[in-house]
Amino acid sequence: NKKIFKNFFYYILNFFSLKNLLTKKNKINYSNDKVINFNSIYNGVWQCLPDNIIDHLNNKNINIVIKFGMNLLKIRDNLSKLSILSFHHGDPAKYRGRPAGFYEILNKEKTIIIIVQRLTNKLDAGTILAFGESKIINYSYKKTAINFYSNSKFLLSKAIDNLIEKKELNIKKDGKIYTLPNNLTVLRFILSTFINLNKKIFYGLFFEKKWKVAISKNKLTFNGDEIISSHNLNEVPIDKKYTFYADPFFSYDNKSLRLEALNRFNGLGELLEISINNLKEQKLILSKGHNSYPFSFVYKKKEYLLPEVASNSPQYILPINLNYKEKIFIKGLENKRIVDATLIEYQEHWYLFFGYQNNASTVLNLWVSDSPLAKFKPHPKTPIVVSPKNARMAGGILRIKDSLIRFGQNNEGEYGKSLSTLMIDKLTPKDYSEKYIGRVKIDNYNGPHTLNFSVDTNLITFDYYTNKFSFFAGVRRIAGLLNK
């Protein structure tokens with residue numbers, strides 16, 4: 001029974017936040033599927049399935065049930081043959097119970113955990129079969145909820161696969177059990193989000209990230225958390241036409257850098273090619289629309305550019321020897337807008353890592369082909385990451401002897417403050433896995449959010465930033481949005 005007076009403000013908050021496009025009721029038109037309506041049996045706060053429903057499931061040899069919409073479900077003995085799967089939004093090591101996401105925002109967490117579990121008779125303590133993370137928007141409960149509901153959909157098929165393969169995730173499930181917040185707690189929550197919203201507006205109007213690019217000797221060991229020294233950096237001078245430089249990549253001949261330069265006047269990214277021997281020697285190679293992340297690769301001894309153009313075009317490849325004139329659209333993705341596309345050839349297959357525009361900071365996709373110019377198809381494990389901590393690509397994949405190292409932007413807090421290092425354990429047309437190594441930061445600055453290596457790996461190039469006050473920050477942001 002609802003405690004209307006005790007939780008009155010929460011129910012108002014729930015109506016304006018958790019009631020959204022992803023939680024509204026939709027009529028489903030079944031074709032040949034059988035629909036059985038039933039009234040659940042109540043045992044205190046727990047619900048039970050009627051015996052005739054359980055008998056029906058057992059007689060049909062059903063062995064997996066997905067539970068939506070019910071409350072706590074009691075797993076009786078005659079349900080023991082069934083695997084009943086359910087979503088839970090919250091880290092079971094810290095946040096069991098409900099409501100989803102509320103206490104994480106109140107406690108200033110940066111992410112909310114999403115799991116699919118096999119239910120037991122202990123609240124939110126079942127076998128965990130799939131795991132993901134979603135970014136918390138500290139000024140909006142509604143946006144936070146839309147995030148974690150949207151990202152949940154990628155986990156169900158992974159949970160079923162793991163159930164069939166008898167794989168379970170080793171995650172603690174002994175966290176505090178939360179209940180609906182009282183009115184005073186909700187008022188404190190609203191005040192906190194209101195303050196965060198005003199901070200965001202003030203930053204957007206008067207502050208902007210001043211990105212810079214530098215080259216340095218490679219001293220990274222890929223053994224846990226690491227810090228790049230800001231001393232003895234060879235910093236790339238920024239032409240007065242641009243407000244910042246970011247997303248640097250080495251060319252395959254090690255003679256130049258390619259990077260994004262943000263045009264001061266229209267707020268759009270342009271791509272420059274810069275001589276490593278003379279960093280003041282800078283040439284514009286791509287403009288029109290917004291361009292960034294100038295990843296390149298070699299195929300049949302020819303170098304190709306794979307710039308990010310998601311705001312104005314589906315993804316295409318540019319042969320460098322043709323002066324960036326010929327566009328070759330990636331087959332299989334002709335109608336998709338993708339972000340930070342990164343290719344690698346490995347054991348006679350080509351793998352394309354990328355994000356979609358709407359969720360690139362949280363979801364990393366993997367597609368595969370026999371050639372960069374042939375048709376790409378989704379990898380069976382895609383999406384391979386659901387987490388703002390490392391989903392978005394942060395540079396090319398590094399080969400060190402027999403190892404593959406992937407870099408992901410860490411966007412759980414402020415954008416671009418650091419990146420994550422991951423070791424790819426398996427990369428085949430049917431399987432993918434990676435493990436987290438640590439984070440990479442730079443001292444005295446924020447960043448990097450892109451990191452790349454020269455062909456001989458002796459040098460690294462990366463971007464970093466400071467927050468700078470400007471009366472025109474908001475104007476430039478609006479101009480950039482209008483021109484994209």
Side-chain angles (χ1 to χ4, degrees), residues 209-220 226 228-230 232-239 241-263 268-287 290-298 303-309 318 320 324 339-344 353 392-398 405-410 415-421 440-466:
K209 291 176 172 62
K210 291 294 185 181
W211 290 93
K212 296 181 180 180
V213 165
I215 300 172
S216 180
K217 290 184 179 179
N218 178 22
K219 295 183 179 180
L220 297 174
E226 299 185 79
I228 299 172
S229 173
S230 59
N232 303 317
L233 296 181
N234 192 5
E235 188 176 292
V236 178
I238 299 177
D239 187 283
K241 180 182 176 182
Y242 302 105
T243 58
F244 69 66
Y245 287 175
D247 286 353
F249 287 80
F250 286 101
S251 63
Y252 266 78
D253 60 11
N254 270 1
K255 293 181 179 180
S256 61
L257 287 181
R258 300 188 188 100
L259 53 79
E260 174 196 355
L262 192 73
N263 189 297
L268 297 178
E270 300 176 347
L271 298 187
L272 304 184
E273 191 167 73
I274 298 172
S275 171
I276 292 178
N277 293 328
N278 180 7
L279 296 178
K280 293 183 179 179
E281 187 179 312
Q282 305 182 4
K283 179 178 70 172
L284 176 66
I285 60 173
L286 204 62
S287 58
H290 182 74
N291 303 272
S292 61
Y293 200 80
F295 172 84
S296 68
F297 64 94
V298 171
E303 188 175 5
Y304 294 82
L305 189 67
L306 190 62
E308 187 204 305
V309 290
L318 297 172
I320 288 177
Y324 309 101
V339 173
D340 295 346
T342 306
L343 267 171
I344 185 171
F353 298 75
R392 188 163 179 170
M393 295 298 291
I397 294 172
L398 178 65
I405 307 291
R406 186 179 76 81
F407 302 97
Q409 295 179 22
N410 179 15
Y415 173 75
K417 291 199 74 170
S418 65
L419 56 81
S420 299
T421 306
V440 178
K441 297 181 179 181
I442 179 171
D443 60 4
N444 301 318
Y445 295 98
N446 295 304
H449 102 311
T450 305
L451 172 67
N452 283 291
F453 296 75
S454 59
V455 174
D456 57 13
T457 71
N458 290 328
L459 297 175
I460 57 174
T461 182
F462 51 90
D463 49 14
Y464 51 98
Y465 73 90
T466 54

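Predicted, not measured: the structure shown is a model, and the values here were computed from it.
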Hey, can you pull the donor-acceptor pairs under 3.5 Å for the side chains in residues 210-220, sequence neighbours left out?
residue	atom	partner	partner atom	Å
Lys210	NZ	Glu208	OE2	3.3
Asn218	OD1	Leu220	N	3.1
Asn218	ND2	Thr457	O	2.8

Is the backbone of [Y] close enough, under 3.5 Å, to the side chain of [X] for a donor and an acceptor to pair up by distance?
X	Y	value
His290	Leu268	no
Thr342	Asp340	yes
Tyr293	Gly395	yes
Asn446	Gly416	no
Asp463	Tyr245	no

Practice prompt. Show the numbers, then the answer: is there a salt bridge (Lys or Arg N to Asp or Glu O under 4.0 Å) between Lys255 and Glu303?
Written response: CA-CA 13 Å; Lys255 293 181 179 180; Glu303 188 175 5; over 6 Å; no
Item to complete: Report the relative orientation of the aromatic rings in Phe295 and Phe297; use parallel for angles under 30°, tilted for 30 to 60°, perpendicular for over 60°.
Response: parallel
Practice prompt. With rounding to the nearest 0.5 Å, note down the distance linking CD in Glu270 to CG in Asp239.
Written response: 10.0 Å
Practice prompt. Could you give me the CA-CA distance, side-chain angles and deciding distance for Gln282 and Tyr242, then say whether side chain to side chain contact (heavy atoms under 4.5 Å, CB included) is met?
Written response: CA-CA 12 Å; Gln282 305 182 4; Tyr242 302 105; 5.7 Å; no
Item to complete: Output all residues satisfying side chain to side chain donor-acceptor pair (under 3.5 Å) with Ser230, sequence neighbours left out; order by chain, then residue number.
Response: Asp443, Asn444
Fill in: Test log, rule side chain to side chain contact (heavy atoms under 4.5 Å, CB included), inputs Thr421 and Leu451
CA-CA 10 Å; Thr421 306; Leu451 172 67; over 6 Å; no
Practice prompt. Would you please indicate yes or no on a ring centroid separation below 6.0 angstrom for Phe453 and Phe407?
Written response: yes
Discussion item. Taking side-chain contact (heavy atoms from CB on, under 4.5 Å) as the definition, give me every residue that meets it alongside Lys280, ordered by chain and number, with sequence neighbours left out.
Written reply: Pro237, Asn278
Fill in: Pair Asn410-Ser420, side-chain donor/acceptor within less than 3.5 Å
no
Item to complete: Give a yes-or-no answer on whether the side chains of Asp456 and Ser454 include a donor-acceptor pair shorter than 3.5 Å.
Response: yes
Discussion item. Please determine whether side chain to side chain contact (heavy atoms under 4.5 Å, CB included) holds for the pair Phe250 and Thr461, giving the CA-CA distance in whole Å, both sets of side-chain angles, and the decisive distance to 0.1 Å.
Written reply: CA-CA 8 Å; Phe250 286 101; Thr461 182; 3.4 Å; yes
Fill in: Asp253 and Ser251: CA distance, side-chain angles, deciding distance, side chain to side chain donor-acceptor pair (under 3.5 Å) verdict
CA-CA 5 Å; Asp253 60 11; Ser251 63; 2.6 Å; yes
Worksheet item: Could you go step by step and tell me if Ile320 and Arg258 meet the side chain to side chain contact (heavy atoms under 4.5 Å, CB included) rule?
Response: CA-CA 12 Å; Ile320 288 177; Arg258 300 188 188 100; 3.4 Å; yes
